[in-house]
Protein chains: 2
Amino acid sequence: MEPSESPPLDMQSDKNWSVEDHKVLVAVDIALFTIRDSKFQVLLIKRGIPPFLDFWALPGGLVRMDIGLRGEEPEEAALRELREETGLSKGLGYLEQLGTYGSPNRDPREQRVISIAYFGIGPTLEDPIGDSDASHATFMPVDQIAAEISSQLAFDHNEILFDAIERARAKLEYSTLATKFCSPAFTISELRSVYETIWGANLDPGNFQKKVLAADGFLEDTGQKAEASATGGRPAKLYRAGTASSITPPIRRN
Amino acid sequence: MEPSESPPLDMQSDKNWSVEDHKVLVAVDIALFTIRDSKFQVLLIKRGIPPFLDFWALPGGLVRMDIGLRGEEPEEAALRELREETGLSKGLGYLEQLGTYGSPNRDPREQRVISIAYFGIGPTLEDPIGDSDASHATFMPVDQIAAEISSQLAFDHNEILFDAIERARAKLEYSTLATKFCSPAFTISELRSVYETIWGANLDPGNFQKKVLAADGFLEDTGQKAEASATGGRPAKLYRAGTASSITPPIRRN
DNA sequence: TAGTATTCTTGTATTATCAACAATATAATG
DNA sequence: CATTATATTGTTGATAATACAAGAATACTA
């Protein structure tokens, strides 16, 4: 646990190693999802500098040591980078740690960089704006990234994105995560379309309704109704997210 | 994503910050579980050096930059530290990343240290041996750590341990993790006692048997039988772990 | 304004699953 | 050989999931 160094059994004995020589750069990367145009999309930036110039990448950047007395919290860094690189600040509905990616060669530059990846959801996000050196930011459908060679991502971000997508799909089953994709007040149909979009499968409206209403703490009735759509149909009741974070029984995918 | 620094909006302007100044020490810590004496136990070392001298702590240490061309993989570091601090090398049944703990003040020393925590399982481990500076290593029942003030852990290791325990309990439900606590060949009763020990609840033997046998890829029949116990009773069939990593339907806790 | 289409919501019947526990199988012990 | 112990299988009633039908509340159209 923690540094209590015995002399390194080095394979590079051209140097006297001190504790400080083991320091590395720590970055954060954020897979920020939303649903737009009925598609499951992730926020990407187009890199404006090498390496991977002009490649798409997840937004992110270094955890800074010049903020606060002893540097910033990694989660703070994630929020800050999101703001700086894409202009998105409010409207972030959820953020949790996904995992840390620390292979020595994941960044081709001289300095080794490990990345703490975050999984986030932005429900009602304004259009992202690329800053000067991040060049350009946009939401891109995740299916498109998987399908197109031209949208392969920089660094190991394909792997991070893959893990993040799987996290999202899994968490829909046993958590109330889906509500984070919705507006403060939403209909059960909207919630169902979140599941359908992310899982890529159709769910029975009637059964879905009964399931989510049976799950304690998932939904709270606002007493209001959505305005009827132009295409007709009974106006749906409006709900807000309940206080529960996990749902029993889970909503299973096939 | 990754360093592409704009000038830091520092709160400490007594210095010109370069990219390298943001480097921090990266450690790994391992919550290695086993079941001994019918108790759910975790591997701890007693610290032989400050800070937290004489406190119990999870085994771990720095990710080294002097191993390999660009430093070692974090998972390698976890295995190495486990070996160095506790003498445990083979017999490790499972290791996965738990999460990264990166608060600026989690380590009271001058250098900031973030830790990538790992969750591991050792089924048939020899007795651990503390090395010189790690002082002493032992398995300790997790209930005891939660109950006794005297066994509060160093750093934020109580938090890490808590998360690791919850990870174990949750993964028993929907994964084949429980088999990792067992010997290569085991009976369904032994598997059930893994669940009972970690969940702290009794399960119906008959129903449990049917559930695990119904879960595809969970168990494979070896064709052998366990030798009958001295206390009598029908000898149980011996199974080995199947190839599946997740089980459907899950085995639910109440 | 009646009729039709559309969507939300509730109901129903069939089926599958789960939990409790009974029954059977196979061993050790005295 | 009866008793006890453990493993394994079976049974039954309760519960939950599924497919699908029916009802409710709206827009649109003629």
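Residue numbering restarts at 1 for every chain, and letters A, B, ... go by the order of the sequence lines. Atoms considered below: every heavy atom in the structure, side chains included; atoms not considered: hydrogens, waters and symmetry mates.
Of the listed nucleotides (C/dC8, D/dT9, C/dC21), C/dC8 has the atom at the smallest distance from the side chain of A/Ala236. Ranking D/dT11, D/dT26, D/dT18 by closeness to the A/Lys211 side chain, first place goes to D/dT18. Closest approach to the A/Thr231 side chain among C/dT7, C/dT9, D/dT18 is made by C/dT7 (side chain taken as heavy atoms from C-beta onward).
Closest-nucleotide positions on DNA chain C for A/Pro205 and B/Ala230 were compared, and the one nearer the 5' end corresponds to A/Pro205.
If you measure from atom CG of B/Leu213 to atom P of C/dC18, you get 14 Å, rounded to the nearest angstrom. In this entry the distance linking CD of A/Glu227 with P of D/dA25 reads 19 Å, nearest Å. Regarding A/Asn207, its CG atom lies at a distance of 14 Å from the C1' atom of C/dC8, rounded to whole Å. Taking atom NZ of B/Lys210 as the reference point, atom C1' of C/dT17 lies 11 Å away to the nearest angstrom. One can place CG of B/Leu203 at 10 Å from P of C/dA19, the figure rounded to the nearest angstrom. At whole-Å resolution of the value, CD in A/Gln209 and P in C/dT9 are 5 Å apart. Straight-line distance from the NZ atom of A/Lys237 to the P atom of C/dC8: 14 Å, rounded to whole Å. A straight line from CG of A/Asp204 to P of C/dT10 spans 14 Å, rounded to a whole angstrom.
The distance between the ring centers of A/Phe208 and A/Tyr195 falls below 6.0 angstrom. Remark: aromatic rings of A/Phe33 and A/Phe40 are close, center separation under 6.0 Å.
At distances below 3.5 Å, at least one donor-acceptor pair connects side-chain atoms of A/Arg167 with backbone N or O atoms of A/Leu98.
Across all strands shown, A/Ser229 has heavy atoms under 4.0 Å from sugar-phosphate atoms exclusively, and none from any base. Residue A/Ala214 is out of contact with every strand shown, counting any heavy-atom pair closer than 4.0 Å.
Residue B/Arg234 has no polar side-chain atom (N or O) positioned under 4.0 Å from OP1 or OP2 of D/dT9. A sub-4.0 Å separation between OP1 or OP2 of C/dT7 and a side-chain N or O of A/Ser189 is absent.
The 12-atom threshold is not exceeded at CD of B/Glu227, counting heavy atoms of other residues, nucleotides or ligands nearer than 6.0 Å. Within 6.0 Å of CG in A/Asp216 there are 12 or fewer heavy atoms belonging to other residues, nucleotides or ligands.
Here the side chains of B/Phe218 and B/Thr179 are in contact, with some heavy-atom distance below 4.5 Å.
Using a 30° and 60° split on the angle between ring planes, A/His157 and A/Phe155 fall in the tilted class, from 30° to 60°.
A heavy atom lying under 4.0 Å from DNA chain C marks none of the residues of residues 240-253 of chain A.
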